[in-house]
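For reference, the structure is listed below as structure tokens.
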Amino acid sequence: MAAYLIRRLLSMIPVLIGITIISFGVMKLAPGKPTDVMLDFNPKASVEARERMEQLLGLNQPIHIQYLTWLRRVATLNFDRSFRDGRPVTEIVVERLPITLTINVCALVLILGLAIPLGVIAAVRPGGLFDRATTVLVFIGYSTPAFWLGLLGIAWLGVALGWVPVSGLHSLDAESMSLVGRALDAAHHLVLPVGIMTFVGLAGLSRYARSSMVEVLRQDYIRTARAKGLPERLVLFRHGLRNALLPIVTILGLSLPDLIAGSVVMETVFAIPGMGRLFYDAVMARDQHIVMALVTIGAVLTLLGNLLADAAYAAADPRIRVGKSHA
Amino acid sequence: MSGDALVVGSIGDASRLLPILATDSASGDIVGLVFNGLLKYNERLEVVGDLAEAWQVSEDGLTLTFTLRPNLRWQDRVPLTAEDVRFTYQKLIDPAVLTPYSSGYELVEDVEALDERTVRIRYREPFAPALESWMMGVIPKHLLEGEDLNTTSFLRRPVGSGPFRFRRWKTGELIELAANPDYFEHRPHVDRYLTRIIPDQATLFLELLAGQIDLSGLTPLQYRRQTDTPRIRESYRKFRYPSFGFTYLGYNLTDVRFADARIRRAFDLALDKQALIDGVLFGLGSVATGPYPKESWAYDPSVQPPSADQEAAKRLLAEAGWIDGDGDGLLDQQGHPFRFTIMTNQGNEVRRQVAELIQRQLRLLGVDASIRIVEWSTFVHEFIDKRRFEVVLLGWNLSRDPDLYDLFHSSRTGPGQYNFVGYANPEVDRLLEEGRRTFDQPARQQIYHQVHRLLASDQPYTFLYVADALPIVHARFRNVRATPIGIMDNVIDWHVPLPEQRYKRMAP
């Protein structure tokens, strides 16, 4: 197992470098430079000022030199500075990451807590009333645009009823609150965005759980369990669910990069300064150091997530444990 | 009388809170409240002193002498002196500083601090827009000397001389300023100035409906319809004044068709600008006849907008050789129909609608215009810079000084320069050069009136309209007034009567 993990980890390095080369190239091919935000259609900025700024920022060097400079820095975990405000990229990411992570973990826990029971109960009687009702419900969530739901939620719960804050993360006077007060304040602000993300994200996992459970319940060992007279509850939860959860584990592993990838739409609608908006704004402003940092972090997490999913799967299912297949 | 907080809704976050580096409007707004220039514009758009209590321009226009107000202090109580002004200039022309504003100071020979309160600036040539260039915020030498201005932590916690002190900045969420008790005019009555960053226009509006935002700009639709509710009418006041900018159709004058002034004049005659304003801006704008808004002293009131006249336009086009020869409803010349593309940038709904109305109006004339909407960066670098356009629909937001050298002087047609339509009129060139050398206000006014008239008759652009700025302010603020310079001009005089004050629990 250890040798396998090391081999997998080593094979990630060329893949990662390939990903960064392609991203770097694509970004440089797109029209526009990070200095455009300051200079485009600013009649006060002369051509000389433009050239001077590009030179200061090293933007007039050949692409491969720029890439190698970048790679050398990243090898020491230095992602350079943002072109927009001159701060280190790491500092900016560290500021945003906890926000997105909190929201995504909350939403993920809620989704898991709701989707698996929904899927399992629906699977007990496929095609029954509960199955059909939940199918309709989760697909409504799946197919409604999140920004529309968000605005609707704000207009109704935030403006008309005044139950939740309209947008943002903190109240304006949060500074003068106690620690607990501040946490409750933040939670109050997160109710609506997290609620909507949960509703929107329910479809995928609950369908997986359902189909996986339906399949498991058709297996011989389930029939055996029933035949030997086990109570239905034990059949479902000890024999059925434990096996049905295997594919869910894979999906969870693959969703690791999603945890840090904020939703641009939700963060924009709810005015939350998370990773999604950071990435979107950076692309729009051609803030290349931020874009490259986020692409690299995303790539690492995707690769690790794949590995994690494989490892977790192997741990959960003895039949596919690598290295023992020849035994 | 003092107290309460003014909560402003903003679409974008600031980037660098240093006057010489601030380029986006969010940074500019904050920097404008924290720092002062030597000069500023008053509500009648006249140049008046800000940090300077007096200034002189020498006879030959080559020397500017500023006398600072007595007892000026930075917000950390250190005296603000002529040396700080000299330091600001040095940083503006320092090649290692990422400022786009250096070109405004190219003609400066030297800046000398004659004593604590006197600065003498000598120019190589007389340069009238120089006065406006000294509205640049002065930065504190004692805090910035030896710092790398591009990355210094000062950019995120500035110390200035202005009516508000910086308090905190939560990236992407809010920026908070507090009243400066020592401000040289007087302490602002409002205790706090908070900018909340809300990137979505719809959410911003919902925050306003919920009463959580005190000041924000409205779209014409919001101004006319969506804010016409009892709740809003009761607790908010809407303002309306012309913005300092105009929307125009720019022609590629290297295209043989548009090189012919008759065709440009025909378009000017044919386009019903009032219909654009009524249809897209809900009437919240005014017809432009040139590059200046009516409030500017450079605007020549004798230039009248032509009344839309399709027949006269058709005659002009026929004169230029464009007639409907084959009876298909489109004008043609040697078998080629009059066909071109209007390009504009993505993400501006108003421009898209204006382009569509123009398309319809031109079609009545027998001209077939198609519309192409392109992402901003691509638009600028692939089409404008490379002159690969026929007609563009764009807008300019200009500074208050009427100098238009960069837009219309024939020497400014290179890549990355802003006479991208390729306009060249020796008379306009001469006037623009003279306008830059002339400090005498009445003489300058004559020059720019002439520029306005020439541009209106040459039509390198078809000037379409000046949109109105449409701010809305919570009614508890008193003393709010709209002036051509903007609504925030007298923000230090705004106040909220005690019983109506809303934010009382702000941390000290």
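Proteins come first, then strands; the chains are lettered A, B, ... in the order of their sequence lines, and each starts at number 1. What you see is a predicted model, and the numbers here were worked out from it, not measured in a lab.
Interface summary for chain A: among B/Gly104, B/Gly172, B/Ala22, B/Ser27, the most heavy-atom pairs under 4.5 angstrom belong to B/Gly172. Heavy-atom pairs under 4.5 Å with chain A were tallied for B/Leu174, B/Asp148, B/Val97, B/Asn397; the largest tally goes to B/Val97.
Contacts of B/Phe420 with chain A are made by side-chain atoms alone, with heavy-atom separations under 4.5 Å and no backbone atom involved. Only the side chain of B/Thr23 comes within less than 4.5 Å of a heavy atom in chain A; its backbone stays farther off. For chain A, the nearby part of B/Glu106 is the side chain; its heavy atoms alone come within less than 4.5 Å. Looking at B/Asp200, both its backbone and its side chain come within 4.5 Å of chain A, counting heavy atoms on both sides. Residue B/Asp385: no heavy atom, backbone or side chain, is found under 4.5 Å from chain A. Residue contact with chain A, scored on non-hydrogen atoms closer than 4.5 Å, is absent for B/Leu17. Contact of B/Ser153 with chain A is not made at all, since no heavy-atom distance falls under 4.5 Å. At a 4.5 Å heavy-atom cutoff, the contact between B/Leu155 and chain A is made by side-chain atoms alone. Heavy-atom distances place the backbone of B/Pro415, and not its side chain, under 4.5 Å from chain A. For chain A, the nearby part of B/Leu394 is the side chain; its heavy atoms alone come within less than 4.5 Å. The parts of A/Arg84 that come within reach of chain B are both its backbone and its side chain, each placing non-hydrogen atoms under 4.5 angstrom from that chain.
Under the 3.5 Å distance criterion, with hydrogens and angles disregarded, a donor-acceptor pair is assigned to the side chains of A/Ser167 and B/Glu207.
Interatomic distance, A/Ser171 OG to B/Gln212 CD, rounded to the nearest 0.5 Å: 8.5 Å. The distance from atom OG1 of B/Thr171 to atom CZ of A/Arg96, rounded to the nearest 0.5 Å, is 6.5 Å. Atom CG of B/Leu98 is separated from atom CG of A/Leu57 by 5.0 Å, given to the nearest 0.5 angstrom.
Counting all heavy atoms, side chain and backbone alike, B/Thr378 lies closest to A/Pro31 at OG1-CG, 3.4 Å. The minimum heavy-atom distance linking B/His381 with A/Gly32 is given by the pair CD2-CA, 3.9 Å. Closest heavy-atom contact between B/Gln417 and A/Val47: CG-CG2, 3.4 Å. For the pair A/Arg50 and B/Tyr418, the tightest heavy-atom approach, listed with the atom from each and the gap, is NH2-OH, 3.5 Å. Across A/Ala49 and B/Pro100, no two heavy atoms sit closer than the pair CB-O, 4.1 Å. Heavy-atom minimum distance, A/Ser46 versus B/Ser103: N-OG, 3.2 Å.
Side-chain contact between B/Val380 and A/Asp36 is absent, with no heavy atoms from C-beta onward closer than 4.5 Å. B/Glu176 places none of its side-chain heavy atoms less than 4.5 Å from the side chain of A/Leu172.
At least one donor-acceptor pair closer than 3.5 Å links the side chain of B/Thr203 to the backbone N or O of A/Val269.
The 12-atom threshold is not exceeded at OH of A/Tyr142, counting heavy atoms of other residues, nucleotides or ligands nearer than 6.0 Å. Applying the 6.0 Å contact sphere to CD of A/Glu48 captures more than 12 heavy atoms from other residues, nucleotides or ligands.
Chain B is approached within less than 4.5 Å, heavy atom to heavy atom, by A/Pro273, A/Arg277, A/Arg286 from residues 272-294 of chain A, ordered by number. Among residues 147-166 of chain A, the residues having any heavy atom closer than 4.5 Å to a heavy atom of chain B are, in sequence order, A/Leu151, A/Ile154, A/Ala155, A/Val159, A/Val166.
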Assess the residue pair B/Arg156 and A/Asp85 against the criterion (side chain to side chain contact (heavy atoms under 4.5 Å, CB included)); give the C-alpha distance rounded to whole Å, side-chain angles, the decisive distance to 0.1 Å, and a yes or no. CA-CA 9 Å; B/Arg156 293 188 64 81; A/Asp85 57 12; 3.9 Å; yes
